[in-house]
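Just so you know, residue 1 is the first one in the sequence shown, and it goes up from there. Atoms within each ligand, like the ligands themselves, are counted from 1 in listed order.
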Amino acid sequence: MNRPMNPQERELDYPLGERLPAPAELVDAAPGVRWLRMPLPFALDHIHLWLLRDCFEGREGWTLVDCGIAAPETRALWRQIEAESLAGLPIVRILCTHMHPDHLGLAAELGERHQAPLWMTLGEYAMGRILSATLPGTGGEASAAHFRQHGLTDAATLEQMRARGDRHFSQLVPAVVTRYRRIHADETIAIGSGRWRVIIGHGHSPEHAALYEAEQRLLISGDMVLPRISTNVSVQPFEPDADPVNDYLASLRRFETCAADTLVLPSHGRPFRGLHTRLRQQHEHHEARLQETLEACRERPMSAMDLLPVLFRRPLDLHQSSFAIGEAIAHLHALLTRGQVRRSCDADGVFRFTAP
Ligand SMILES: [Zn+2]
């Protein structure tokens, strides 16, 4: 796992037990909601997807929430699922919670095969298309400049990041459909017999959509609420002044309207109960990281790179490092917004943050 593990995971309940869906297996998570698991070739090695029995515009079938990355193994598992496990019915609609590759990757291919429209928020759809097309300013050069400005000066690492940044997203999301159906904050979407309310989240991605069904007390939380790892909140090269930590914590408040005994269906980690406990843990986690960041900035001016050993007390690979630097910048920016640190750009072109 590349993310900090939740030390208070025991405060949560896992009512479905230890069981995880085997490759290409569908497990009932709730009435009308089937759970499947796709592999990922990263430290975070899986994503959970949801198939909801539906009748959409007169067509019997399944609404699919999130898709998996575009990779041979995922494609092969999808072919197997389509042949064996969908009761002969098509996917009639695809809803992506957000544009990250593990969620959006295969949406275009599956949508074309099943004639299923893509439903997403505008922010996620637009950013997904921009990154999939590797438009100017989104490639590896922009990432390298961003990391350089935050204290990563090792030439070899920068070169690796340049190379990786040019192909990473578009390999995993080779295409995004050219037409979509926009979904909105607080819109209620009828799926089968359920009525799912859209809860928008910020900080992890531009306009993340989670889905809450009040009658069954089910929450498809996407990446906004995860039981075991903390949601990644990173400053991205294309929005260098962003403050995703405060954005994330503010949007977590919207989940407080969900019932206390809600069954949370997360993209990573097992379905769990204890939503309000997990929301509190996430607030506490970030406030503790902010406190550590502030204390480090009191001792000496800190770049995001200087902060890595403070926030992440273990070695990181390249994939993890880019997440980690983004997250370190995010915590520095949160303190900047709160007026607790000052930022200066030094003669070496590196941003450093100082607490008075
Ligand atoms: Zn994500």
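Inclusion of D223 in the first shell of the Zn ion (ligand 1) is supported: an N, O or S atom falls under 2.8 Å. With 2.8 Å as the limit, H204 counts as an N, O or S neighbour of the Zn ion (ligand 1). Here H208 fails the criterion, with no N, O or S atom under 2.8 Å of the Zn ion (ligand 1).
Legend: side-chain hydrogen bond (donor to acceptor under 3.5 Å, both in side chains) pairs involving residues 58-70, not counting sequence neighbours, sorted by first then second residue: R53-E60, D54-T63, T63-R93, D66-T97, D66-H103.
Taking the Zn ion (ligand 1) as reference, H100 places its N/O/S atom ND1 nearest.
The main-chain N or O of R195 is found under 3.5 Å from a side-chain atom of E213 such that the two form a donor-acceptor pair.
When all heavy atoms are compared, the tightest approach of P117 to V92 is CD-O, 3.2 Å.
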Sequence neighbours left out, cut at 3.5 Å: what donor-acceptor pairs do the side chains of residues 144-151 make with other protein atoms?
from : atom 1 : to   : atom 2 : distance (Å)
H146 : NE2    : V235 : O      : 3.2
R148 : NH2    : D348 : O      : 3.4

